[in-house]
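Heavy-atom basis, side chains included; hydrogens, waters and symmetry copies ignored. Quick note: residue numbers are just sequence positions, from 1.
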Amino acid sequence: MKTVKLEDIQGTEHDVDGGTWVSRRLLTKKDNMGYSVNDTIIKAGTETHIWYQNHLEAVYCIEGEGEVETLKDGKIWPIKAGTLYALDEHDEHLLRASEKGDMRMVCVFNPPLTGKEVHDENGVYPVMD
């Protein structure tokens with residue numbers, strides 16, 4: 001059994017600031033669960049280009065609102081608290097938080113993150129050992 005408190009992650013190496021987002025990595029690869037779990041804040045009024053070529057991700061919004069635009073088709077998906085979206089085709093996308101306030105998301109990755117990843121110039125998280 002394992003328990004993790006957000007307050008114990010904040011301010012550590014697993015509290016990663018990506019500029020338009022802050023991701024607190026609650027479960028990582030070293031936890032041997034086969035996936036990782038992040039508590040992520042998407043900063044109000046921002047747009048982030050993301051393309052997880054190496055990971056599948058499910059995202060559950062628990063606070064705030066915004067939208068996801070899938071770049072292959074230009075489709076815009078509204079996001080608000082209680083909405084889950086799954087990037088099941090390594091979808092290249094833009095994630096936008098409304099000007100009204102931050103969005104708070106619970107993000108699950110497969111394969112799991114090590115906890116130190118940040119997006120590269122293409123919006124990709126590398127696979128790290």
Side-chain angles (χ1 to χ4, degrees):
M1 176 71 183
K2 179 177 183 86
T3 63
V4 180
K5 295 180 184 173
L6 179 60
E7 64 194 48
D8 294 337
I9 299 295
Q10 293 172 312
T12 73
E13 69 178 359
H14 291 284
D15 187 0
V16 180
D17 188 333
T20 59
W21 51 269
V22 176
S23 183
R24 292 77 61 100
R25 279 70 191 274
L26 301 168
L27 288 177
T28 63
K29 185 176 181 177
K30 71 177 173 62
D31 294 304
N32 295 313
M33 296 292 294
Y35 57 86
S36 57
V37 178
N38 304 333
D39 181 317
T40 301
I41 302 297
I42 308 300
K43 297 177 184 176
T46 63
E47 176 180 272
T48 306
H49 173 244
I50 306 170
W51 189 9
Y52 295 126
Q53 297 173 359
N54 303 311
H55 299 85
L56 296 174
E57 181 191 29
V59 180
Y60 184 63
C61 180
I62 58 174
E63 291 177 14
E65 60 185 61
E67 63 186 25
V68 174
E69 179 179 354
T70 48
L71 295 183
K72 72 178 176 185
D73 58 11
K75 187 164 183 175
I76 295 177
W77 308 83
I79 304 297
K80 64 180 184 176
T83 304
L84 178 134
Y85 65 92
L87 301 162
D88 58 342
E89 297 180 0
H90 303 279
D91 310 88
E92 184 176 10
H93 61 287
L94 299 172
L95 176 58
R96 300 181 187 106
S98 99
E99 296 284 342
K100 297 178 187 177
D102 294 343
M103 286 195 302
R104 186 172 178 198
M105 320 291 251
V106 175
C107 307
V108 178
F109 284 90
N110 182 16
L113 302 180
T114 65
K116 299 176 184 177
E117 291 86 353
V118 293
H119 301 127
D120 69 12
E121 65 279 355
N122 296 310
V124 176
Y125 278 160
V127 174
M128 299 175 71
D129 292 326

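Of all heavy-atom pairs spanning P112 and G34, the tightest one is CD-O, 3.7 Å. Residues P78 and T83 share a closest heavy-atom pair of O-CG2, 4.2 Å. When all heavy atoms of D91 and D88 are compared, the closest pair comes out as OD1-N, 3.4 Å. Scanning all heavy atoms of the two residues, the minimum distance from N38 to S23 falls at CB-OG, 3.4 Å. Minimum heavy-atom separation, G66 to M103: N-SD, 3.4 Å. Listed here is the closest heavy atom pair of G74 and E69: CA-OE2, 3.8 Å.
Atom CG of residue L84 and atom OH of residue Y60 lie 8.0 Å apart, to the nearest 0.5 angstrom. From K75, atom NZ reaches atom CD of E67 across 13.0 Å, with rounding to the nearest 0.5 Å. Between the OG1 atom in T48 and the CZ atom in R96 there is a gap of 10.0 Å [rounded to 0.5 Å]. Separating the CD atom in E47 from the NE2 atom in H93 is a distance of 11.0 Å, to the nearest 0.5 Å. Rounded to the nearest 0.5 Å, atoms CD (E57) and CE (M105) are 8.0 Å apart. Separation of atoms OG1 (T40) and CG (L26) is listed at 8.5 Å; rounding is to 0.5 Å.
Side chains of D8 and V4 form no contact here, defined as non-hydrogen atoms less than 4.5 Å apart. Between H90 and L56 there is a side-chain heavy-atom pair separated by less than 4.5 Å. You'll find the side chain of M33 stays beyond 4.5 Å of the side chain of K2, heavy atoms only. In this structure, Q10 and R24 have side chains that are in contact, with non-hydrogen atoms separated by less than 4.5 Å. Using a 4.5 Å heavy-atom threshold, the side chains of D31 and R25 count as separate. Residues R104 and C61 have side chains not in contact (no heavy-atom distance under 4.5 Å, counting atoms from C-beta outward). In this structure the side chain of T28 never reaches within 4.5 angstrom of the side chain of T114, judged on heavy atoms.
In this structure, D102 contributes its side chain and A44 its backbone to a donor-acceptor pair below 3.5 Å. When atom types are taken as modelled, the side chain of T12 and the backbone of H14 share a donor-acceptor pair closer than 3.5 angstrom. No donor-acceptor distance shorter than 3.5 angstrom exists from the side chain of K100 to the backbone of G64, with no hydrogens or angles considered.
Both V68 and V59 are members of a single hydrophobic cluster when ILVMFWY side chains are connected at heavy-atom separations under 4.5 Å. W21 and Y52 fall within the same hydrophobic cluster, where Ile, Leu, Val, Met, Phe, Trp and Tyr residues are linked whenever their side-chain heavy atoms come under 4.5 Å apart, directly or through other members. I50 and F109 fall within the same hydrophobic cluster, defined by Ile, Leu, Val, Met, Phe, Trp and Tyr side-chain heavy atoms under 4.5 Å apart, directly or through other members. Linking Ile, Leu, Val, Met, Phe, Trp and Tyr residues whenever their side-chain heavy atoms come within less than 4.5 Å leaves L71 and W77 in two separate clusters. In this structure, V16 is a member of the same hydrophobic cluster as L95, with clusters built from ILVMFWY side-chain heavy atoms closer than 4.5 Å.
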